[in-house]
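First the structure, in the form of structure tokens, and then the observations on it.
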Amino acid sequence: MPELPEVETVVRKLRNLIVDKKISNIEVLNSKSFTGDISKLIGSTVIDVRRRAKIINIVINDDLYLLTHLKMTGQYILQDGTIRAGGGHPSSDWVNNLPSRHTRVVFHFQDGSKLFFNDMRKFGWIRQNTKQQLEQSFAKLGPDVIEPELTYEYLKSQLQRRTIPIKQAIMMNEILCGVGNIYACDSLNDAKISPFRPAKSISDLELKNLILSMKKIVNMAIDKGGTTFDGMYVDVDGLAGSYQDSVLTYGREGKNCYNCGSLIKKDKLGGRGTYYCPTCQK
DNA sequence: CGGAGTGTTAGTCG
DNA sequence: CCGACTAACACTCC
């Protein structure tokens with residue numbers, strides 16, 4: 001799943017669900033999915049759940065954080081008696097018994113509830129960090145697309161030297177965070193800019209429009225709870241986001257561009273599927 | 001059944 | 001510094 005809107009959705013749900021819960025045990029079913037010292041975590045209480053870029057930050061105390069990245073297929077599900085809630089990449093794990101075949105880590109809380117980290121492809125991770133480690137890993141990240149820190153002046157300074165295609169540039173986390181493949185395609189369509197243009201060739205006016213488009217699209221996707229493309233699973237209650245109903249280009253190959261009516265084309269750029277309108281995206 | 005494709009991002013190499 | 005490419009992995013689709 002997750003691009004920034006999906007991660008934000010998971011963070012909001014997790015914050016409601018696990019803040020103030022006391023960790024009684026952590027069960028690691030796949031050693032690559034968890035890095036940390038479990039003995040330091042047992043007995044501690046979750047005091048907040050935050051987000052930076054697509055990284056979820058479960059705050060234990062001022063110098064102890066559990067950073068977690070869902071990558072392509074991670075999901076968190078809280079099981080409290082018979083009640084389940086959570087978010088992430090949708091899968092049939094939601095309706096199956098937990099732990100499932102894809103459960104990698106289980107947090108046990110003192111009140112008897114359990115938080116399952118499922119991750120089919122095992123790209124995701126949970127890493128225990130000190131404050132210093134957290135600051136180090138966040139220092140490499142550009143500003144979040146939806147934050148005021150992402151200004152025209154900043155982005156211009158980042159792009160004016162670069163010759164890579166603009167689509168790849170806006171997906172680079174060291175430049176700005178929160179724009180993945182879906183939202184990169186849609187933002188460029190909204191701003192009427194071709195994804196293949198060299199970053200440095202974008203004019204001042206185009207760049208201003210692109211920033212507005214990125215912020216608009218990502219904020220709208222957050223409001224809609226993210227995007228769920230796994231057609232198989234969108235029916236599971238409470239699971240799917242609904243941005244896919246508003247998507248401008250992604251997955252719409254051969255359909256009409258909402259702006260000019262031409263047919264949306266799919267090409268490959270930097271190894272990623274790239275959807276765009278060859279007519280109105282200049 | 002084999003091979004391609006998948007929403008992410010580190011890391012390497014030139 | 002810049003950019004191209006690949007690996008990490010499991011599953012679905014054609």
Side-chain angles (χ1 to χ4, degrees), chain A residues 1-10 29-35 51-56 67-75 87-93 96 100-104 117-127 136-142 144-145 157-187 196-201 217-218 221-222 224-234 239-244 247-253 266-275:
Chain A
M1 76 157 206
E3 300 208 27
L4 187 139
E6 293 82 350
V7 177
E8 177 64 22
T9 304
V10 173
L29 303 167
N30 177 63
S31 62
K32 283 192 172 174
S33 300
F34 185 94
T35 309
R51 179 188 62 75
R52 175 75 174 88
K54 296 174 195 170
I55 300 169
I56 299 167
L67 301 187
T68 171
H69 200 303
L70 303 173
K71 289 289 181 109
M72 308 275 276
T73 56
Q75 60 175 194
H89 183 92
S91 82
S92 53
D93 291 348
N96 293 341
S100 77
R101 185 161 49 120
H102 299 132
T103 300
R104 310 304 178 198
F117 176 61
N118 297 336
D119 183 23
M120 182 186 76
R121 286 178 74 178
K122 297 181 180 171
F123 289 5
W125 41 254
I126 302 168
R127 291 176 192 158
Q136 263 174 18
S137 49
F138 286 1
K140 300 175 214 150
L141 301 173
D144 272 24
V145 59
S157 73
Q158 290 291 313
L159 298 184
Q160 61 191 0
R161 290 166 291 119
R162 298 199 181 251
T163 56
I164 54 169
I166 183 65
K167 179 185 173 229
Q168 286 176 262
I170 61 175
M171 289 173 66
M172 288 176 66
N173 283 339
E174 58 191 84
I175 297 177
L176 79 163
C177 295
V179 179
N181 203 28
I182 298 170
Y183 303 116
C185 291
D186 276 18
S187 299
F196 305 98
R197 291 260 305 280
K200 63 199 258 186
S201 77
I217 300 266
V218 173
I222 291 174
K224 292 177 180 293
T227 306
T228 305
F229 267 116
D230 272 6
M232 283 182 70
Y233 303 119
V234 291
L239 169 62
S242 62
Y243 181 78
Q244 66 276 9
V247 75
L248 300 177
T249 60
Y250 191 88
R252 295 190 66 248
E253 185 179 17
K266 179 184 184 185
D267 272 329
K268 196 144 247 198
L269 174 59
R272 310 293 299 280
T274 298
Y275 298 85

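What you see is a predicted model, and the numbers here were worked out from it, not measured in a lab. Values below: all heavy atoms of this structure, side chains included; hydrogens, waters and symmetry mates excluded. Chain letters run A, B, ... following the sequence lines, proteins first and then strands; every chain starts at 1.
Looking at Ser187(A), its side chain never comes within 3.5 Å of a backbone N or O of Cys185(A) through a donor-acceptor pair. Proximity of a side-chain donor or acceptor of Arg272(A) to a complementary backbone N or O of Lys268(A) within less than 3.5 Å is not detected. Put simply, the side chain of Ser33(A) never gets that close to the backbone of Arg104(A): no donor and acceptor are under 3.5 Å apart. The backbone N or O of Leu141(A) lies less than 3.5 Å from no partner atom in the side chain of Asn173(A), so there is not a single donor-acceptor pair. The closest donor-acceptor contact from the side chain of Asp186(A) to the backbone of Val247(A) lies at 3.5 Å or more, if one exists at all.
Closest to the side chain of Asn181(A), from the set dC9(C), dT8(B), dC11(C), is dT8(B). The side chain of Lys266(A) has dT6(B) as its nearest neighbour among dC9(C), dT6(B), dC11(C).
For the pair Phe117(A) CZ and dC9(C) C1', the computed distance is 13 Å after rounding to whole Å. Between the CG atom of Asp119(A) and the P atom of dG7(B) there is a distance of 16 Å, rounded to whole Å. What separates CG of Asn118(A) from P of dA10(C) is a distance of 14 Å, to the nearest Å. Look at CE on Met72(A): it is 17 Å from P on dT6(C), rounded to the nearest Å. The interatomic distance linking Phe123(A) (CZ) with dG7(B) (P) rounds to 12 Å, in whole Å. Going from atom CD of Glu253(A) over to atom C1' of dC13(C) covers 15 Å, rounded to whole Å. Rounding to whole angstrom units, CZ of residue Arg252(A) and P of dG7(B) are separated by 17 Å. At whole-Å resolution of the value, NE2 in His102(A) and C1' in dC11(C) are 8 Å apart.
With 3.5 Å as the limit, one finds a donor-acceptor pair spanning the side chains of Asn181(A) and Lys167(A). Between the side chains of Asp267(A) and Thr274(A), not a single donor N or O lies within less than 3.5 Å of an accepting N or O.
The side chain of Lys268(A) places an N or O atom within less than 4.0 Å of a non-bridging phosphate oxygen (OP1 or OP2) of dT6(B).
For the C1' atoms, the distance from dG3(C) to dG7(B) is 23 Å, rounded to whole Å. Spacing of P atoms, dG5(B) relative to dC5(C), comes out at 15 Å, to the nearest Å.
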Exercise for review: Assign a letter to each nucleotide of nucleotides 9-14 of chain B from its 5' end: B, base within under 4.0 Å of a protein heavy atom; S, sugar-phosphate only; -, no contact.
Suggested key: B-----
Tabulate protein N/O versus nucleotide N/O from nucleotides 1-4 of chain C, keeping only pairs under 3.5 Å, one per line.
residue	atom	partner	partner atom	Å
dC2(C)	OP1	Arg161(A)	NH1	2.2
dC2(C)	OP2	Arg161(A)	NH1	3.4
dG3(C)	OP1	Thr163(A)	N	2.6
dG3(C)	OP1	Thr163(A)	OG1	2.2
dG3(C)	OP1	Ile164(A)	N	3.0

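No salt bridge links Lys140(A) with Glu174(A); every basic N to acidic carboxylate O contact stays at or beyond 4.0 Å.
Side-chain to base pairing of Arg121(A) with dT8(B): no donor and acceptor N or O lie closer than 3.5 Å to each other.
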Exercise for review: Walk me through it: do Arg51(A) and Leu4(A) pass the test side-chain contact (heavy atoms from CB on, under 4.5 Å)?
Suggested key: CA-CA 9 Å; Arg51(A) 179 188 62 75; Leu4(A) 187 139; 3.1 Å; yes
Point to revise | Ser100(A) and Asn118(A): CA distance, side-chain angles, deciding distance, side-chain contact (heavy atoms from CB on, under 4.5 Å) verdict | key: CA-CA 8 Å; Ser100(A) 77; Asn118(A) 297 336; 4.2 Å; yes
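Across all strands shown, Lys200(A) has no heavy atoms under 4.0 Å from either base or sugar-phosphate atoms.
Interatomic distance, Ile56(A) CD1 to Thr68(A) OG1, rounded to the nearest 0.5 Å: 5.5 Å.
Arg127(A) has its side chain out of reach of Phe34(A): every pair of non-hydrogen atoms, C-beta onward, lies at least 4.5 Å apart.
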Revision key, fill the gap. Base-pair string, DNA chain B, Watson-Crick plus G-U, cut-off 3.5 Å on both distances, | for inter-strand, is .|||||.|||||||
